[in-house]
Asks: 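Let me give you the structure first, and then I'll get to my questions.
Just so it is clear, the structure is predicted and the values come from calculations on it, not from any experiment. Here is the naming used below: chain letters follow the sequence lines, and residue numbers restart at 1 for every chain.
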Number of protein chains: 2
Amino acid sequence: MTKIEQARLSRHRTTTAAARTRSRRAVSAGEPAAPYHHGALRDALLEAAERVLERDGLAGLTLRAVAREAGVSHAAPTHHFGDLTGLVSELAAIGFTRFNAAMKAAGEQPGTPIERAMARARAYVAYAQANPGMYGLMFRTERLDYSRPALHEAAEASFAGLAGSVAARSEGPVGDEELSLDQSAAIARAWSLVHGYTMLLLDGRLADILRRSPPGTTAEKLLEAMLRATVPKLPPGA
Amino acid sequence: MTKIEQARLSRHRTTTAAARTRSRRAVSAGEPAAPYHHGALRDALLEAAERVLERDGLAGLTLRAVAREAGVSHAAPTHHFGDLTGLVSELAAIGFTRFNAAMKAAGEQPGTPIERAMARARAYVAYAQANPGMYGLMFRTERLDYSRPALHEAAEASFAGLAGSVAARSEGPVGDEELSLDQSAAIARAWSLVHGYTMLLLDGRLADILRRSPPGTTAEKLLEAMLRATVPKLPPGA
DNA sequence: AGCTTTATCTTTACGATGTAAAGATAAAGC
DNA sequence: GCTTTATCTTTACATCGTAAAGATAAAGCT
């Protein structure tokens, strides 16, 4: 870990450690002492983890940091998640679930299929921009255990939603298992476009392009311009 | 670090440590003792780092592991790279340089502009598949210091090559600074498509699609099918 | 040539991390 | 009311990045 990162993290460490000592030891101060058994530690840890993630980034998301944030001992998470991979995977599952909800809501807006596809794409990028830590956790972490049911199902649903919305406006029947090459290509194209755009945007690699674009060109406008030139390749009936 | 990862790494640790002791202490065995001054440690460390990266993945790429792989003390890299960010950044610069060479070679093949664009896209994905560790280092690591001249220039050249090859077959003049919205969109589309496809492929997220596609559909064929439906949107003169 | 300076590499040390194991505490079950 | 189990803390250890001081050899200088 870099010295800068250590310094950045040490701030919260001391404060939360102090808060924890106070709440546990100084009962005379009138505050209720933190009970030995938290009661809902699992959810509290997940909420703490999300706060740490969006505040300190992926590198700051450590088991001990989460425990500090939640005000419990550093080994407390082990009982609920096994190891760091477990915690990260459960948090990613939450991210996928929320992401799926946002995509579903965007797809249910009224309008032509193309307009709805655009709305979904906008929602995709908007989620990542509003929750960069979560999106990075979901799509750039190698520490995800997809054998965990929660994560497996949430990620599966995410893919199914995407595949369904793309394949629904393609020619031919949409089998539950079999895909034509054109259908596969359409799914891969939609996903690659929006996922690649999102990653490049979050990594700051589109900053150069945006700077050299006409004044007032935002990430959203560039996204729309990019999709406008791609989507019309649909069959006329769509 | 997971127990599995620790076990996976510990193998090499012991062997290289043993080799180092032997080469330094047991002069009587006839082997030349490793000199105190390596002579070309910087390059040796970069080569060692690439071996570690492609063997043990991004998580295994630690300063100490690289030092062990090169047979020197764990603090030796500090003198040449400052910290882990320095080493990682220099290695990423090498990756970008090689990547640029591969893309340039692919773009110089004979054929129509569309054929050359396809060749470049194939080369892009092929590089990532042949060097997944390197590609991950270049595009998914947060530990890159783009203020380092080597990395900055190599990455800049990479982007310039992409932007040039896309903008070259667009209408209107290609200014060195100014881009029309259509030009920006074309660059963003090409990059997002191929980068997104590559990331999804490396993450194994296209496996489902490939499995449900017609028999014999490889990642390369899916890529071509995906691009075929996108590229023809070029002006007729291309 | 011999001495000094500098670059290179090693050793030692420290705080951080993940994780295992054992102890403490309170809730649940009987 | 006692025992069992779940939950949380404490302690411990190996690993990591990094800093600092020591050792060694090359380079430079007089």
Side-chain angles (χ1 to χ4, degrees), chain A residues 1-14 17 20-21 23-25 33-45 48-49 52 56 58-88 143 145, chain B residues 1-14 17 20-21 23-25 33-45 48-49 52 56 58-88 143 145:
Chain A
M1 189 176 288
T2 309
K3 213 167 52 172
I4 301 172
E5 291 171 316
Q6 286 183 345
R8 177 160 47 89
L9 296 176
S10 63
R11 244 183 313 132
H12 306 91
R13 190 180 313 134
T14 55
R20 178 175 146 236
T21 303
S23 66
R24 186 170 299 284
R25 303 262 169 80
Y36 196 101
H37 282 64
H38 186 286
L41 224 202
R42 205 192 122 97
D43 291 345
L45 285 171
V52 172
D56 302 327
L58 254 178
L61 185 63
T62 69
L63 269 183
R64 293 168 107 106
V66 171
R68 280 192 298 269
E69 177 79 20
V72 293
S73 84
H74 70 263
T78 299
H79 187 80
H80 295 277
F81 302 102
D83 54 8
L84 180 59
T85 298
L87 177 96
V88 160
R143 278 201 98 131
D145 180 6
Chain B
M1 189 176 290
T2 308
K3 213 166 56 170
I4 300 172
E5 292 172 316
Q6 287 184 343
R8 177 159 46 88
L9 296 175
S10 63
R11 244 185 312 132
H12 305 91
R13 190 179 313 134
T14 55
R20 177 172 145 240
T21 304
S23 66
R24 186 170 299 283
R25 304 260 168 79
Y36 196 100
H37 282 63
H38 185 286
L41 221 203
R42 205 193 122 96
D43 290 345
L45 284 171
V52 171
D56 302 326
L58 254 178
L61 185 63
T62 69
L63 268 183
R64 292 168 107 106
V66 171
R68 279 193 299 269
E69 177 78 19
V72 294
S73 84
H74 70 263
T78 299
H79 187 80
H80 296 277
F81 302 102
D83 55 8
L84 180 60
T85 298
L87 178 98
V88 160
R143 277 201 99 129
D145 179 8

Asks: For the residue pair A:Val72 and A:Leu45, establish whether any side-chain heavy-atom pair is separated by less than 4.5 Å.
Replies: yes
Asks: Rounded to the nearest angstrom, tell me the gap between atom CZ in A:Arg143 and atom C1' in C:dT19.
Replies: 10 Å
Asks: Mind calculating the distance between CG (A:Leu45) and P (C:dG18) to the nearest angstrom?
Replies: 13 Å
Asks: Choose from C:dT19, D:dT9, C:dT8 the nucleotide whose nearest atom is closest to any side-chain atom of B:His80.
Replies: C:dT8
Asks: To the nearest Å, give me how far apart CZ (A:Arg68) and P (D:dT9) are.
Replies: 14 Å
Asks: Please report, rounded to the nearest Å, how far the P atom of C:dA27 is from the CG atom of A:Leu41.
Replies: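 Computing the A:Leu41:CG to C:dA27:P distance gives 14 Å.
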Asks: Can you tell me the Watson-Crick or wobble partner of D:dT18, both distances under 3.5 angstrom?
Replies: C:dA13
Asks: Could you tell me the separation between the CG atom of B:Leu63 and the P atom of C:dC9, rounded to a whole number of Å?
Replies: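 Answer to the nearest Å: 15 Å.
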Asks: Calculate the interatomic distance between A:Phe81 atom CZ and C:dG18 atom P; express it in whole Å.
Replies: 14 Å
Asks: Rounded to the nearest 0.5 Å, how far does OG of A:Ser73 lie from CZ of A:Arg64?
Replies: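 With rounding to 0.5 Å, CZ (A:Arg64) is 9.5 Å from OG (A:Ser73).
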Asks: Is B:Arg64 close enough to C:dT17 that one of its side-chain N or O atoms is under 4.0 Å from OP1 or OP2 there?
Replies: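 Checking C:dT17 against B:Arg64, no side-chain N or O comes under 4.0 Å of OP1 or OP2.
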Asks: Return the nucleotide paired to C:dA28: Watson-Crick means purine N1 to pyrimidine N3 with N6-O4 or O6-N4, wobble means G-U with N1-O2 and O6-N3, both under 3.5 Å.
Replies: D:dT3
Asks: Just to confirm, is there a sub-4.0 Å distance from OP1 or OP2 of C:dT17 to any side-chain nitrogen or oxygen of A:Thr62?
Replies: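 It does, given that an N or O in the side chain of A:Thr62 lies less than 4.0 Å from OP1 or OP2 of C:dT17.
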Asks: Do B:Leu61 and B:Val66 have side-chain heavy atoms sitting under 4.5 Å apart?
Replies: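 Sidechains of B:Val66 and B:Leu61: in contact.
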Asks: Using heavy-atom distances to pick each residue's nearest nucleotide on DNA chain C, tell me which of A:Ala65 and A:Gly82 is more 5'.
Replies: A:Ala65
Asks: Nearest to the side chain of A:Ala75, which nucleotide is it out of C:dT11, C:dA21, C:dG18?
Replies: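 The nucleotide sitting nearest to the side chain is C:dA21.
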Asks: Can you tell which of D:dC16, D:dA20, C:dT19 lies closest to the side chain of A:Asp83?
Replies: C:dT19
Asks: Would you indicate, yes or no, if C:dC9 has its OP1 or OP2 atom less than 4.0 angstrom from a side-chain nitrogen or oxygen of B:Arg42?
Replies: no
Asks: Tell me the interatomic distance from B:Asp43, atom CG, to C:dT8, atom P, rounded to whole angstroms.
Replies: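 These atoms are roughly 13 Å apart.
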Asks: Of all heavy-atom pairs between B:Ala67 and B:His74, which one has the smallest distance, and what is that distance?
Replies: CB-CA, 3.6 Å
Asks: Atom CZ in A:Arg42, atom CG in A:Leu87: separation rounded to 0.5 Å?
Replies: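 The CZ atom of A:Arg42 sits 9.0 Å away from the CG atom of A:Leu87.
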Asks: So B:His74, base contact, sugar-phosphate only, or nothing? Heavy-atom distance under 4.0 Å.
Replies: base
Asks: State which of D:dG17, C:dT19, D:dT10 makes the closest approach to the side chain of B:Leu84.
Replies: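 From the listed options, D:dG17 comes nearest.
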Asks: So, does B:His79 get its side chain near the phosphate of C:dC9, meaning an N or O under 4.0 Å from OP1 or OP2?
Replies: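 False: B:His79 side-chain N/O out of range (4.0 Å or more) of C:dC9 OP1/OP2.
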